[in-house]
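If you're wondering where the values come from, they're calculated on a predicted model, not measured in any experiment. By convention in this document, chain letters (A, B, ...) are assigned in the order of the sequence lines, proteins followed by strands, and residues within each chain are numbered from 1.
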There are 2 protein chains.
Amino acid sequence: MTQQDARRTVGYQLKRVQAALRAAMDGALRVHGLTTPQYACLELLGQQPRLSNAELARGAFVSRQSMNVVLRNLEEAGLVERPSTAPSGRALPTRLTAEGERVLEAARADVLAIEARLTARLDPEQTRILLAQLEDMAESLSQ
Amino acid sequence: MTQQDARRTVGYQLKRVQAALRAAMDGALRVHGLTTPQYACLELLGQQPRLSNAELARGAFVSRQSMNVVLRNLEEAGLVERPSTAPSGRALPTRLTAEGERVLEAARADVLAIEARLTARLDPEQTRILLAQLEDMAESLSQ
DNA sequence: GACCATATGTCAGAATTCTGACATGACGCA
DNA sequence: TGCGTCATGTCAGAATTCTGACATATGGTC
């Protein structure tokens, strides 16, 4: 039996970093009246308007049902808007409102500060390598 | 505004990898009748017997209340055991049962295979560096 | 000894997220 | 045209996890 320390595995440390990141983001976003999943949704829409609920769910790694809840709350808060009828198929293309763009931009500054803190001890080259490694790891598991 | 792709951030890719890892672990552990949080609990106990509920919660990055639910299910399944009265203070030191050790050992093999898949494209030296970087990142956020 | 801060286990309730299921619309193919 | 497959939005219900609160036990401090 190898009996290696489970805390010294990539899997465990990934979980640890993600927990710390989530906590940091929740704290920073509370000021803006947003939760982390809500921010993820706004960020995706900021870069790709007209995404459907299902596409947003895949982008944020949650179920369609969960994203639907997020989307309804954002809609109720006036940060996003969806047409009442689908222009094609069943997908409802979602867009940020002007208010949504303002909130996103304000929140993004704080989130980028956290991202900077996250990679504070890495130089740009190391960060680039890390990013590529993470992408490789996700693909290695998916297939 | 930088307007960089949010998907090309360390934070986003961390979330992505962790989602893939969680899915892979859930699938592998289902065969053993375990969930990922339950496995995390067993693994911690396997290396440090007599951990209390609160210590296990911190080790698995969940609340005390959540870990308590996990612990009760494991107790009901006969994989762990706790004294009914605290030997000191209020903490109840938990231990694996013989059955718990058997299940853990069987499950660990599958989880280690996933860990191997995760780091498949990294040589031992790169893995060591990655591990250190992840630990640094968690600390950078915590303080 | 008295008091206060801290840590633990636990109850109660809410929030979040999930799985299962179903109806609907688009598309490919016989 | 008709049919099967797939994706989407949504409803219903359960599972999971969280926050808030409280009683209890320990240890330090006066």
**Report entry** Atom pair distance, as rounded to whole Å: NZ in Lys15(B) and C1' in dT17(C)
**Finding:** 11 Å
Query raised in the report: Under 4.0 Å between a side-chain N/O of Asn53(A) and OP1 or OP2 of dT8(D), yes or no?
Result: no
Query - Integer-rounded Å distance: dG25(C) C1' and Leu92(A) CG - result: 12 Å
Query raised in the report: Ser66(A) has a side chain; which of dC18(C), dT17(D), dT8(C) sits nearest to it?
Result: dC18(C)
**Report entry** Any Leu51(B) side-chain heavy atom under 4.5 Å of Thr94(B) side chain
**Finding:** no
Requested in this report: Start with the C-alpha distance between Arg72(B) and Glu75(B), add both sets of side-chain angles, then the distance that settles salt bridge (Lys or Arg N to Asp or Glu O under 4.0 Å), and finish with yes or no.
Outcome: CA-CA 5 Å; Arg72(B) 283 188 211 184; Glu75(B) 208 169 2; over 6 Å; no
Query raised in the report: Over how many whole Å does the gap from Arg64(B) atom CZ to dT6(C) atom P extend?
Result: 14 Å
**Report entry** Ser63(B) vs dC18(D): side-chain N/O to OP1/OP2 distance below 4.0 Å
**Finding:** yes
Report summary line: Tyr39(B) atom OH is separated from dT16(D) atom P, nearest whole Å, by 19 Å
Query raised in the report: Is any side-chain N of the basic residue among Arg121(A) and Glu135(B) closer than 4.0 Å to the acidic one's carboxylate O?
Result: no
Report task. Let me know the distance between CD of Glu75(A) and C1' of dG9(D), rounded to the nearest Å. Result -> 13 Å
Report task. Would you indicate, yes or no, if dC18(C) has its OP1 or OP2 atom less than 4.0 angstrom from a side-chain nitrogen or oxygen of Arg22(B)? Result -> no
Query raised in the report: Is Arg58(A) near enough to dT8(D) that one of its side-chain N or O atoms lies under 4.0 angstrom from OP1 or OP2?
Result: yes
Query raised in the report: Does OP1 or OP2 of dG9(C) have a side-chain N or O of Arg72(B) closer than 4.0 Å?
Result: no
Query raised in the report: For Asn68(B) and dT17(D), what is the distance between atoms CG and C1' respectively, to the nearest whole Å?
Result: 13 Å
**Report entry** Residue whose closest nucleotide on DNA chain C lies nearer the 5' end, Val62(A) versus Gly89(A)
**Finding:** Val62(A)
Report task. Could you verify whether a donor N or O on one side chain and an acceptor N or O on the other, from Arg7(B) and Gln48(A), lie under 3.5 Å apart? Result -> yes
**Report entry** Any donor-acceptor N/O pair under 3.5 Å between dG13(C) base and Gln65(B) side chain
**Finding:** no
Query raised in the report: Which whole-number value in Å describes the distance from Arg90(B) CZ to dG9(C) P?
Result: 8 Å
Query raised in the report: Among Glu115(A), Glu43(A), Glu101(A), which one satisfies salt bridge (Lys or Arg N to Asp or Glu O under 4.0 Å) with Arg108(A)?
Result: Glu43(A)
**Report entry** Whole-Å distance separating the CE atom of Met67(A) from the C1' atom of dG9(D)
**Finding:** 14 Å
Report summary line: Among the nucleotides dG9(C), dT17(D), dT17(C), whichever has the atom closest to the side chain of Ala91(B) is dG9(C)
